[in-house]
Amino acid sequence: MALLIILITCFVIIFATSQPCQTPDDFVAATSPGHVIIGGLFAIHEKMLSSEDHPRRPQIQKCVGFEISTFLQTLAMIHTIEIINNSTLLSGIKLGYEIYDTCTEVTVAMAAALRFLSKINCSRETVEFKCDYSSYMPRVKAVIGAGYSEITMAVSRMLNLQLMPQVSYESTAEILSDKIRFPSFLRTVPSDFYQTKAMAHLIQKSGWNWVGIITTDDDYGRLALNTFVTQAAANNVCIAFKEILPTFLSDNTIEVRIHQTLERIIAEAQVNVIVVFLRRFHVFSLFTKAIEQNIRKIWIASDNWSTATMVTAIPNVKKIGKVVGFTFRRGNISSFHSFLQNLHVLPSDNNKPLHEYIMLLSACAYVKNSELSQCIFNQSQEVLAYEANKAIERNLLLRNDFLWNFTEPGLIHSIQLAVFALGYAIRDLCQTRDCQNPNAFQPWQQIQSKCSKECSPGQMKKNIRSQHICCYECVNCPENHYSNQTDMDHCLLCNNETQWAPVGSPACLEKEVEYLGWKDSLAILLLGLSLLGSLFVLAVGIIFTRNLNTPIVKSSGGLPVCYVILLCHFLNFASTGFFIGEPQDFTCKARQMLFGVSFTLCISCILIKSLKILLAFSFDPKLQNLLKCLYRPVPLVSACTGVQVVICTLWLVLAPPAVEENVSLPRVIILQCEEGSTLAFGTMLGYIAILAFVCFICAFKGRKLPENYNEAKFITFGMLIYFIAWITFIPVYVTTFGKYLPTVEIIVILISNYGVLCCTFFPKCYVIICKQETNTKSAFLEMVYSYSSHSVGSLAMSHASRDSTNSSVTATNPNSSGASSAWQKSQDLQLQTLAHTCKENATSISKTLPRKRISSI
């Protein structure tokens, strides 16, 4: 059977498979009719064959060098179109295609682009010149391709004339992202900006900083080189050398340049890492010769050739060293695998690359799979026989497993995405028009049609469970994130210190600066209470001034002491005003110092009054001696207040309070006073608490003194209010956050100030105003005499009881022989003597002690 095939092959008509173009239809590689035609550009052949150094005539020559991987890409486009036609995506509408072989030449690709732009249903294949192509109907609605960026850019400039959508599956040049120069260009792969950035980052993280670069002399190579150099500099990576190879393999100098490049690599012995931005054909030639010269390096592969089967199939390729590559995102291509398994050739198929593959396969029928690709490539360099007997073609084994092994999943997936993107765009357009009519829509209208609706500013794209990156849903940007363009892949983060953004925001908003302002309702309420307290202080001062010579005022320490205490209360109320309004360095420092010193002076004066009351009404000699030593009003008040002044001064010098911007809240900046030193703040409050506690103890001991003139009991209540307020302040202050934090301290200051003021002065004012009969000298003397008599009597009884106890201890117990009546008489006599003694003592003490107490008060 094999011999028969060879004999039949020898008698076939010799015919060039890839002939020079005679008619426009000869130029088409593969075609299929449909209601909507999609064009395709693939570099199925390596180069265009020419017997001359440069063209002599404007003629498209035949192409040679059959590339299996690109042939598989054309099959992927055909297969994806068949999937759409067999699905419900375009119900009742059939997609057709016209696929052209660019032969890796810009000239050939531009000839194909001219045919794409030719007017539909025009037998003369002409492109009309118009000032406005909005209503122009070309023969195709969109173009898939090309692969190489150099070709893509040239074709895109022509397609821009009619804004025909061009979706590339492999072109990664960063310049193609420029919508001004390439408005109708789209792609399903990322630009080289991200690839070069990843390469530079990989090199930097691997600890390499001395690398070489090899690239091609075209737009793709130069742009990739410039971008990589920029990214490398940003990652502290230095470039040892840059080698640039000719773009086309047909260039006569390419072998010389490859040889020079390898010599440069050998000369730069310290360079062990080489970044390669080349086409797969260049890499094949470079690596083949590098293996011959035993060159082993680390090669950083671009996505253009990182998964190329042509490269991995090079004999002894492992000797080249290590290859680290970047590739395109892969997807599910299992359906394409099934398509290849069932691939067959029908007589009606208008697919020239498939027929050529059959002939090349028959020429290499007895070659192993490992050498088959090289055999096909070599055979395609020659003129082959065209099989006249189609039955032989149908019966040949197509070696489908070999095709699958040559498949590059990333590129196949990218082509599928490109075709499906156009399919969804056509579906959206055909929902409101009859697309079975070829004139239903113009190509430029597809640019406005997408698989998913355009995500507006303030939204970002979120991939749904689909292999198509063009299909997504729009979700709002989260809080403090924004997007200022349409169809952004991710939202940008605002500057959290000064900006914020609500959910779904197209821009960042400046945070509002907040503080406890004068117009705030709570601030107004607190200011009103402070003002009311100041009026109370003024009223008390007037009342005490008008009743200067009354016992109540004199028993309060006299007008000077009262004035000092009232002034302290006024300053305490006034200090609350420094907590309101825009914080300034002065107000931050003044408010705590003013409150701390004034309240300390107030408590010191009240402490003096407590000591004076104890000294006036205490009958314990030991306690009297102690109080006489302590009772030095001016030195004691000065010393107590001076300690607080020292604390506050050290606070101001070492860690003064200052204005602080609290940016931790998401939407506002809180302008507040930072206390500078928590230790100093706590020390100031703690010192006041110690004085208040001493004052509380002294006042508590004198709580049972004469009622009408007794301040001790009310001072005790005032200190209790102070303690309760400030003990509550600590947890509330720590847990409160925001602009209302100062109100916590204001409220505590008001409570403690009102408590001390009311307990110290209001009972006396009540006596002065409502019980004037008790505010006289006679009433006062009577009260003192009564209290003194009661106190002395209690003291005398205490002494008598002690003497009686001592007498009873020293007395001799009666014996059993004595009469009980004699013992009873003795006891009666002792009791009479004790009573007489107590009466005399009480009379003499009551005559002398009142004068001393009155004088002391």
Side-chain angles (χ1 to χ4, degrees), residues 46-47 104 148-150 172-174 192 195-306 308 310-326:
E46 179 190 56
K47 62 183 178 180
T104 324
Y148 297 114
S149 298
E150 177 88 2
T172 56
E174 185 180 357
D192 281 334
Q195 180 180 207
T196 54
K197 185 177 181 180
M199 284 180 172
H201 189 67
L202 170 66
I203 293 171
Q204 188 265 337
K205 286 296 182 181
S206 300
W208 306 321
N209 61 4
W210 192 237
V211 300
I213 303 177
I214 306 175
T215 185
T216 51
D217 188 18
D218 55 12
D219 288 340
Y220 165 75
R222 288 190 295 270
L223 291 170
L225 174 62
N226 294 336
T227 306
F228 178 77
V229 169
T230 302
Q231 297 289 349
N235 287 274
N236 297 321
V237 176
C238 299
I239 310 300
F241 63 84
K242 305 171 188 175
E243 291 294 329
I244 300 176
L245 302 181
T247 303
F248 303 106
L249 295 181
S250 56
D251 193 312
N252 294 331
T253 64
I254 189 166
E255 295 294 332
V256 177
R257 290 293 300 121
I258 290 176
H259 180 71
Q260 292 174 349
T261 299
L262 293 176
E263 288 182 345
R264 182 69 181 273
I265 293 174
I266 295 172
E268 297 284 352
Q270 292 182 338
V271 178
N272 293 315
V273 180
I274 301 174
V275 181
V276 181
F277 291 100
L278 297 175
R279 298 179 182 179
R280 61 196 70 189
F281 307 113
H282 296 82
V283 177
F284 180 86
S285 300
L286 179 69
F287 278 12
T288 301
K289 290 180 172 56
I291 292 171
E292 294 175 358
Q293 300 185 33
N294 294 321
I295 296 176
R296 292 179 61 87
K297 299 290 181 181
I298 297 174
W299 308 86
I300 307 297
S302 66
D303 51 28
N304 207 10
W305 64 273
S306 60
M310 173 189 287
V311 177
T312 59
I314 297 175
N316 299 318
V317 70
K318 293 184 178 179
K319 293 183 178 180
I320 200 68
K322 295 182 180 179
V323 177
V324 181
F326 291 83

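Note: hydrogens, waters and symmetry copies are ignored here, and every other heavy atom, side chains too, is used. Remember, it's a predicted structure, so these values are computed and weren't measured experimentally.
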Working for side-chain contact (heavy atoms from CB on, under 4.5 Å), residues F228 and T215: CA-CA 11 Å; F228 178 77; T215 185; over 6 Å; no
Pairwise side-chain contact, T216 with E150, heavy-atom cut-off 4.5 Å (strictly under): no
Side chain proximity check, V211 to I274, heavy atoms < 4.5 angstrom: no
Contacts of F287 that satisfy ring pair (Phe, Tyr, Trp, His ring centres under 6.0 Å) - sequence neighbours left out: W299, W305
Contacts under 3.5 angstrom, residues 314-324 side chains, donor-acceptor by atom type, not counting sequence neighbours:
none

Partner residues of [X] under the side-chain hydrogen bond (donor to acceptor under 3.5 Å, both in side chains) criterion, sequence neighbours left out:
{"X": "E174", "answer": "T227"}
{"X": "N304", "answer": "none"}
{"X": "D217", "answer": "R222"}
{"X": "T172", "answer": "D192"}

What side-chain donor-acceptor pairs closer than 3.5 Å can you find for residues 261-270, not counting sequence neighbours?
{"unit_1": "T261", "atom_1": "OG1", "unit_2": "R257", "atom_2": "O", "d": "2.8"}
{"unit_1": "E263", "atom_1": "OE2", "unit_2": "H259", "atom_2": "NE2", "d": "2.8"}
{"unit_1": "R264", "atom_1": "NH1", "unit_2": "E243", "atom_2": "OE2", "d": "3.2"}

Using every non-hydrogen atom in the two residues, find where [X] and [Y] come nearest and quote the distance to one decimal.
{"X": "G212", "Y": "V271", "answer": "N-CG1, 3.5 Å"}
{"X": "A200", "Y": "N235", "answer": "CB-ND2, 3.6 Å"}
{"X": "A224", "Y": "T196", "answer": "O-CG2, 3.9 Å"}

Atom pair [atom1]/[atom2] of [X] and [Y] - distance to nearest 0.5 Å:
{"X": "I254", "Y": "L286", "atom1": "CD1", "atom2": "CG", "value": "10.0 Å"}
{"X": "N226", "Y": "T230", "atom1": "CG", "atom2": "OG1", "value": "7.0 Å"}
{"X": "L245", "Y": "T253", "atom1": "CG", "atom2": "OG1", "value": "9.0 Å"}
{"X": "T247", "Y": "L278", "atom1": "OG1", "atom2": "CG", "value": "10.0 Å"}
{"X": "N209", "Y": "I203", "atom1": "CG", "atom2": "CD1", "value": "10.0 Å"}
{"X": "T288", "Y": "I258", "atom1": "OG1", "atom2": "CD1", "value": "9.0 Å"}

Residues which pass salt bridge (Lys or Arg N to Asp or Glu O under 4.0 Å) with D303, listed by chain and number, not counting sequence neighbours: none
Partner residues of K289 under the salt bridge (Lys or Arg N to Asp or Glu O under 4.0 Å) criterion, sequence neighbours left out: E255
Mutual orientation of the aromatic rings belonging to F277 and Y220 [parallel < 30°, tilted 30-60°, perpendicular > 60°]: perpendicular
Side chain to side chain contact (heavy atoms under 4.5 Å, CB included) partners for A173, two or more places apart: S149, M153, I175, L176, L223
Set of side chain to side chain contact (heavy atoms under 4.5 Å, CB included) partners for A233, sequence neighbours left out: none
Salt bridge (charged side-chain N to carboxylate O under 4.0 Å, His left out) contacts touching residues 274-284 (sequence neighbours left out): E170-R280, D218-R279, R280-E408
